[in-house]
Amino acid sequence: MDTIKKSLRHTPAMRWLMLLLISGLTFGTYWFQDFFGGLKTIMENDMGFTSEEFGRLIGLTTIANMFGMIIVGGIILDKWGVRMAGIVFGGIATLGASITALASAGFFGEDHSTMLNMMILGRILFGSGLEVVCVVATRTAVKWFKGYELALAMALNMGLGRLGSAMGIALAPDIANGSVPSAVTFAATLIGIALIMFLIYSVFDIKLDRQEKVEGAEEDGEDFKFSDLVKLITNKSFLFIALLCVAFYSAVFPFIQYAPDILINKFEFSILLPENGNIELFGSTSLGNASVFVALYIFAIAFAAIPKQIKNINTRRIYMAVIALLFAAFLASIWDVMGIWLQNGSKTAALIPLGTIIFTPIFGSYVDSKGKAASLMILGALLLIFAHVSMSLFNYDWLAYLGLISLGIAFSLVPAAMWPSVAKIVAENRLGTAYASMFTIQNWGLGLFFWGIGAMVDWFNPKIVAAKQAIADQLHAFNLKDNTITTIRNGLQDIGLASGQEREVIQEMRFDEISTQLAANNSPEKVDEVMNYLSSLGEIPAYDYTYPILALVGLGVISIYLAFQLKKADAKQRYGLELPSGQTPDDE
């Protein structure tokens, strides 16, 4: 009889299958949120985007959430349940992604303005569903894993999201192969597949509800209450941590979007991988390159999350030794390729979200056992400042790598300390309102800096913007085919980023490619005219990102100030942010 009464969630295989099905939405939405970061340079060459237009496209993704869509979504989630909320908001995100993909391919019109505006519309719809979908995935994990491996399940779900971000940034240029619509269509397809996976999950979820209703195990939920906002905004500790959330994330997420372009323009990293920089699997380089990120994700979880489940210390040591040896063997097998990847803009930038998979569970465990949450937020803000200073004021590759590593650690450290602290500051029956409020104001900061960084790049590089526009106008005046214009733009970009003898070699190679493509579709007279024009062009310098990144340093300074104020307020209000989990100031 006991076996008969057990519901689906009591079976380990079913729990993990459900996690896989719901995590598809997390993976797909994180991919679509961040993959444009790997395409900025290609979007300039393929579609004629400026940095400001790129920033506008990314920034307006958050506009619905600026005006309370997350709070509305939270109310709907509480009223309708995870299934209906997941289907509705997952459908909105899928619709938005589809419109973005169709717009990028010229479905709504091939003129630049129409294409940009329809892509923005698609991103706004996608953003309207994005945050709620992530909350749905988290709530669903709690529903199936409460009383079981909840911490591990949530770590794996978030890890898959970060994996989606990393793979989107790193693999988008490979998938695009010089044509942006291919990468956008692929990203939109991922969300569509994820929605189908969620529909399959819903069938099992209905059965679980029926089983647990019979057992009397119904869930209790707390509705969002707008009246609770008054109590929140009069709490100094909550105000400081909410503003810290805005300042910190505004200095991280926009930077990740622009990081590939920064590495390409400032540090002369490559745009596309050379042939010997790809890994092939089943005849596909995209699949082969993707397999590296999946393997790194598996090792990250193996290092950071699984050891906590092993109680015997000797068994844990043996396990860690075996995993370390396997990881060393894996790195040795791809060492040559990784050396090339670490000179590629999108591949290197992708290591930031990938690194959080390893570090976040480690720092979260430290906060649980040792406390020091407010102090760790101060440390994270210091690392953030170092990262942006090293990337803005200096021009050394080794310092850039060190800065990226520091940013990855800060990106793991502050969230691991921040989110558990909110639960100490805010009463449990107001947590929904508190998180929704924090996410809402966070999106104001993200929207401002996603767009603002792009506008600043154009503002501080007017000659480059004008030169690129003049080239684009002249190429269109030649009445060349779009694919030929794309080849020319990409070739000029490669030449402009090269230096010394390498520049001469690359220029000769690219001019030969351009000449061959021109000859296939144009008269010899036009080929000569275009090639003479290209030969007359002077060197187009790379974008100067110094001042846009320094603006993010200012956010780091603000983050330190807020973290100090939070620590000071906690000392008076005695929430115990510096204490381990489960311990209160009264226990001291």
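Aromatic ring orientation, F27 versus W31: tilted (interplanar angle from 30° to 60°).
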Contacts under 3.5 angstrom, residues 558-569 side chains, donor-acceptor by atom type, not counting sequence neighbours:
| from | atom 1 | to | atom 2 | distance (Å) |
| --- | --- | --- | --- | --- |
| S559 | OG | L555 | O | 2.9 |
| K567 | NZ | S375 | OG | 3.0 |

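Counting heavy atoms of neighbouring residues, nucleotides and ligands inside a 6.0 Å radius, atom CE of M338 exceeds 12 of them. Around OH of Y547, the count of heavy atoms belonging to other residues, nucleotides or ligands within 6.0 Å does not exceed 12.
For T94, there are no side chain to side chain donor-acceptor pair (under 3.5 Å) partners at least two apart in sequence or on another chain. Taking Y201 as the reference, W144, D205 meet the side chain to side chain donor-acceptor pair (under 3.5 Å) condition, with sequence neighbours excluded.
Residue I409 comes nearest to F359 through the heavy atom pair CG1-CE1, 4.2 Å, listed as atom of the first residue, atom of the second, then distance. Listed here is the closest heavy atom pair of F126 and T29: CZ-O, 3.3 Å.
K572 and S237 share no donor-acceptor pair across their side chains, judged by distance under 3.5 Å alone. Side chain to side chain, W451 and E52 meet the donor-acceptor criterion of an N or O pair below 3.5 Å.
Here F35 and F32 bring their ring centres to under 6.0 angstrom of each other.
Side-chain atoms of W444 come within 3.5 Å of backbone N or O of M66 as a donor-acceptor pair. A donor-acceptor pair under 3.5 Å is formed between the side chain of N65 and the backbone N or O of G127. Between the S23 side chain and the L20 main chain, no donor and acceptor come within less than 3.5 Å of each other.
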